[in-house]
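For ligands, and for the atoms within them, numbers begin at 1 and follow the listed sequence.
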Amino acid sequence: MSAGPDFVLRPWEMSDLPLIREASLDPYIPLITTIPAPYSEAAAEAFVRRQWERAATGAGYPFAIVRSRDRRPVGAIGLWLRELPEGRGSLGYWLTDLARGQGVARAALRTVTGWALRDLGVPRLQLYIEPWNTASARIAEDIGFRREGLLRGWQQVGDERRDMAVYALLNGDGPADGRAVTAH
Ligand SMILES: CC(C)(COP(=O)(O)OP(=O)(O)OC[C@H]1O[C@@H](n2cnc3c(N)ncnc32)[C@H](O)[C@@H]1OP(=O)(O)O)[C@@H](O)C(=O)NCCC(=O)NCCS
């Protein structure tokens, strides 16, 4: 799947260990994902195997975000479907510094959101975003997710319970910005 003109989404590969190493050094990514920190090759390989297992069992669809020009992996986006029996999916995404500020996360979220709503027919998609995370909130709202409320002490992030703003997009919601989510 494409994520804008210059990036594509593909399943994780064992060759993505350098991306995992880079993400493990980010101050925030390991706190909200299962990216191992400190990094070790064994833990990184286990991370990739976990992503494969999620896809194989239908627990979710994890993708690496890859720069088309040189096939360099620069981030990740995942669609998590453990609550699919209740009609809900959730998404998470991150980029390494190299790929930030270029609209890549927005394009990736637009692609996976459209696929989840249109092709998989997921009734409701959710995002959990910390209130300070303006870049993530901006991206979510651009795509049509609506902020529904603040979940207090929702999640352990590092050594603290943190509040999360919940954003949702329902299958059938109108577009936020005049561009249909499901349009190519
Ligand atoms: C969240 C993340 C994926 C966003 O990456 P990005 O695509 O580079 O985002 P950008 O820096 O382009 O910011 C997105 C938008 O928010 C705007 N923005 C960013 N910080 C802002 C601020 N402090 N105030 C107002 N607007 C802000 C940007 O201008 C941009 O809008 P534009 O494209 O219309 O100019 C990236 O920062 C990341 O990986 N963070 C760590 C992991 C994370 O937080 N994941 C999300 C968890 S919910």
Which residue from Leu31, Leu95, Leu109, Ile139 reaches closest to atom 4 (C) of ligand 1 through any of its heavy atoms? Ile139
Distance to the ring centre below 6.0 angstrom and angle to the axis at most 45 degrees; does that hold for Arg162 and Trp154? no
Numbering the atoms of ligand 1 from 1, which are under 4.0 Å from a heavy atom of Ala105? 3 (C), 7 (O)
Nearest heavy atom to atom 8 (O) of ligand 1: which of Ala23, Gly75, Gly101 does it belong to? Gly101
Run down the list Asp97, Thr134, Asp142 and name the one with the heavy atom closest to atom 26 (N) of ligand 1. Thr134
Using distance alone, decide if ligand 1 has a nitrogen or oxygen within less than 3.5 Å of any nitrogen or oxygen in Asn133. yes
When you check the gap from the basic side-chain N to the acidic O, do Asp26 and Arg100 get nearer than 4.0 Å? yes
Can you check whether Asp26 has an N/O within less than 3.5 Å of an N/O in ligand 1? no
Best match, Arg100, Met164, Arg106: closest heavy atom to atom 30 (C) of ligand 1: Arg106
Should Trp94 be counted as touching ligand 1, given the test is an N or O pair under 3.5 Å? no
So which protein heavy atom does atom 28 (C) of ligand 1 come closest to, and at what separation? Arg138 NH1, 4.6 Å
Sidechain N-carboxylate O distance under 4.0 Å for Arg21, Asp16: no
